[in-house]
Every structure is written in structure tokens, then in C-alpha cells.
Amino acid sequence: MTDSMEATGLERSLAFTLKYWCFWQSAQHPNLNSWPDGEILPYNQGNADVGFLPAMQRRRLSPLARAACAVAWRCRNENGDMPSVFFSNHGESQYYFEMLEDLAAGEHVSPSRFSQCVHNAIAGLSSFHSSSYLPYVALAGGTEGLYSVFLETGGMLLDVPQVLVVWYEQPLPEVYRSYLPGSQTTWALAMTLARSGGAGRQLRLTREPANGPALPENGLPNLVQAVITGQQSGSSWQDRAVWHWRLDDVS
């Protein structure tokens, strides 16, 4: 799974078997040649379909939580229960911005709203709705960007055969958009990753150290765009590294 190690302790090369992936976003897009062994869920009028949940549970989910839970559910349906890693740069930004406005106005914060906006809330909801008792991790954006998920997953796969990874984002509140590039839609991508060398396509990543600010990725991140458009390789510049990825044919 790991080819070499930097002096900093960060893996330079990682490889995984990609068993399955699932994607949804709140905008229609043309039918393109996406990566094999996965699916793009229907647009469904801009609301991810969580019909597998009881009505009471569906009503409590935000649009972002619906998206993440929908793609995670499909991966678990295909590959069974497994530990998971969830990632979002900003999470439930509309909830915590509303709370900040309430505090600024001298109003009380709703406990239920607070519980829904903590960063591990969506990971917890997905685990609960799937009746999973296995561990999960909720990561936020950092200097490695969404690629920090692969570092975390590589470590977990030393102890377990497969891991569910879920990335999800939504547009930031308007007041933040002039300061931060971000998603223009609500979207979620899930993958089932196993140890490299198994039956299936191999996802290989290489990290090169770099200095300087990350290159902005407006809209969908480069890797996410690659999955849904069928691009087999590419690169992404983060604050401290350049990440390269390649999807190889069945081993």
C-alpha cells in the first residue's frame, strides 16, 4: 500500500484497490464516460434520494447530509459494513453561520441545530442509519486537502480489509464566497477502498512536496471531476504538496 516514506513521515506513494464508488450532486450533468465499477445517482430534482430511511429520519437530514448518506449507503449495500472516513472542508456551513448570526443578535442557539452542525455529525448519522458499530473518522480540510483521506485510509487498511471513504461539500454562505473558492453545488462522493493488489482497478497516488498556496479548484475538485468524466490520471496542487493520481486497469 505504501511504496516509500518522507522524512516528515508522510507517505509519498499510496495504492488501493477501488472496489466501488458512488456520486451525487445537486445539478444535472451530461452522461459522460465515468470511471468503471461505480454509479452516479439520479439528480432527483436536486435532492439526494434517501428513500431507504424512514420518513422521520429523512426529515431531519440537511441537503448535505442527505447527499453523504445516500452515497455511503450505496457503498455499504455493495460491499457490506466497514470502518469509514468522512471528509468535508466546511461541513454544515449554513447551520453554523445561522448560529453565528443568532449569537450576534443576542439570541439563544438551538441545541438541536448545534448538534447537527458539529463536524462529525454527518458521519455519525450515516453510521447510525446503517446500524454500523464500526469506527469512523471525520476529517476537515487542511494542507493536504481532500487527499488527507487517503493518508488516513492507508493507515486504517493496515488493520482492516476495506474502508468506506466519503467526501461531501456544499456552497458556502454568500458572505464567505469572496474570500474562499468553493463548491457551486451540493455533492458527495463515496468509495470503497481495499488493500492494493486485490481483484479490481488500482488507484495509485503520489505525493510531491511543494511550497506555496494551493491552486484554487472552483466547482468540483479535480479528482472528483476525473471520476465522473472518466479521466484516468491527473494532478492537484495543495498548500504543501502536489498530488498525482492514476487509475490502472484490473490487476
Sub-3.5 Å donor-acceptor pair from the side chain of [X] to the main-chain atoms of [Y], do we have one?
X: Gln225; Y: Leu220; answer: yes
X: Thr185; Y: Ser26; answer: no
X: Arg201; Y: Leu18; answer: no
X: Glu152; Y: Val137; answer: no
X: Ser130; Y: Ser127; answer: no
X: Arg195; Y: Leu157; answer: yes
X: His90; Y: Gly141; answer: no
X: Gln202; Y: Gly200; answer: yes

Discussion item. Looking only at side-chain N and O atoms, does Thr186 offer a donor or acceptor that is under 3.5 Å from a partner on Gln25?
Written reply: no

Item to complete: Please check if any side-chain donor atom of Ser62 sits under 3.5 Å from a side-chain acceptor atom of Glu92, or the reverse.
Response: yes

Under a single-linkage definition using a 4.5 Å side-chain heavy-atom cutoff for Ile, Leu, Val, Met, Phe, Trp and Tyr, are [X] and [Y] assigned to the same hydrophobic cluster?
X: Ile122; Y: Leu164; answer: yes
X: Leu146; Y: Val149; answer: yes
X: Val163; Y: Leu151; answer: yes
X: Leu125; Y: Leu134; answer: no
X: Met82; Y: Met156; answer: no

Minimum side-chain heavy-atom gap [X]-[Y] below 4.5 Å:
X: Phe87; Y: Glu169; answer: yes
X: Met191; Y: Val227; answer: yes
X: Trp187; Y: Pro221; answer: yes
X: Val85; Y: Val166; answer: no
X: Arg204; Y: Ser13; answer: no
X: Leu41; Y: Cys22; answer: yes
X: Val71; Y: Tyr168; answer: no
X: Trp245; Y: Asn222; answer: yes

Fill in: His119/Ser88 under side chain to side chain contact (heavy atoms under 4.5 Å, CB included): CA gap, chis, key distance, verdict
CA-CA 8 Å; His119 200 71; Ser88 178; 4.1 Å; yes

Over all heavy atoms of both residues, which pair between [X] and [Y] is shortest? Give the atoms and the distance, please.
X: Gln162; Y: Asn79; value: NE2-O, 2.8 Å
X: Arg207; Y: Ala241; value: NE-CB, 3.5 Å
X: Arg76; Y: Ser84; value: NH2-OG, 3.7 Å
X: Gly51; Y: Arg58; value: O-NH1, 3.9 Å
X: Gln231; Y: Trp35; value: O-NE1, 2.8 Å
X: Pro42; Y: Trp24; value: O-NE1, 2.9 Å

Practice prompt. Could you tell me how the ring of Phe52 sits relative to the ring of Trp73: parallel (under 30°), tilted (30 to 60°) or perpendicular (over 60°)?
Written response: parallel

Item to complete: Give me the ring orientation class for Tyr147 and Trp243: parallel if the planes are under 30° apart, tilted from 30 to 60°, perpendicular past 60°.
Response: parallel

Could you measure the distance from the [atom1] atom of [X] to the [atom2] atom of [Y]? Nearest 0.5 Å is fine.
X: Leu223; Y: Leu203; atom1: CG; atom2: CG; result: 7.0 Å
X: Leu139; Y: Trp167; atom1: CG; atom2: CH2; result: 11.0 Å
X: Leu53; Y: Arg66; atom1: CG; atom2: CZ; result: 8.5 Å
X: Asn33; Y: Ile228; atom1: CG; atom2: CD1; result: 12.0 Å
X: Leu205; Y: Phe16; atom1: CG; atom2: CZ; result: 6.5 Å
X: Asp49; Y: Cys69; atom1: CG; atom2: SG; result: 12.5 Å

Worksheet entry | From CA spacing to verdict: side chain to side chain contact (heavy atoms under 4.5 Å, CB included), Arg74, Tyr20 | CA-CA 9 Å; Arg74 289 293 299 134; Tyr20 184 77; 3.5 Å; yes

Worksheet item: So does Arg240 have more than 12 non-hydrogen atoms from other groups sitting under 6.0 Å from CZ?
Response: no

Discussion item. Please determine whether side chain to side chain contact (heavy atoms under 4.5 Å, CB included) holds for the pair Ser34 and Trp21, giving the CA-CA distance in whole Å, both sets of side-chain angles, and the decisive distance to 0.1 Å.
Written reply: CA-CA 10 Å; Ser34 56; Trp21 63 268; 3.7 Å; yes

Worksheet item: Given the rule in the side chain to side chain contact (heavy atoms under 4.5 Å, CB included) test, do Leu14 and Thr153 qualify, once you have shown the distances and angles that lead to the verdict?
Response: CA-CA 10 Å; Leu14 293 166; Thr153 301; over 6 Å; no

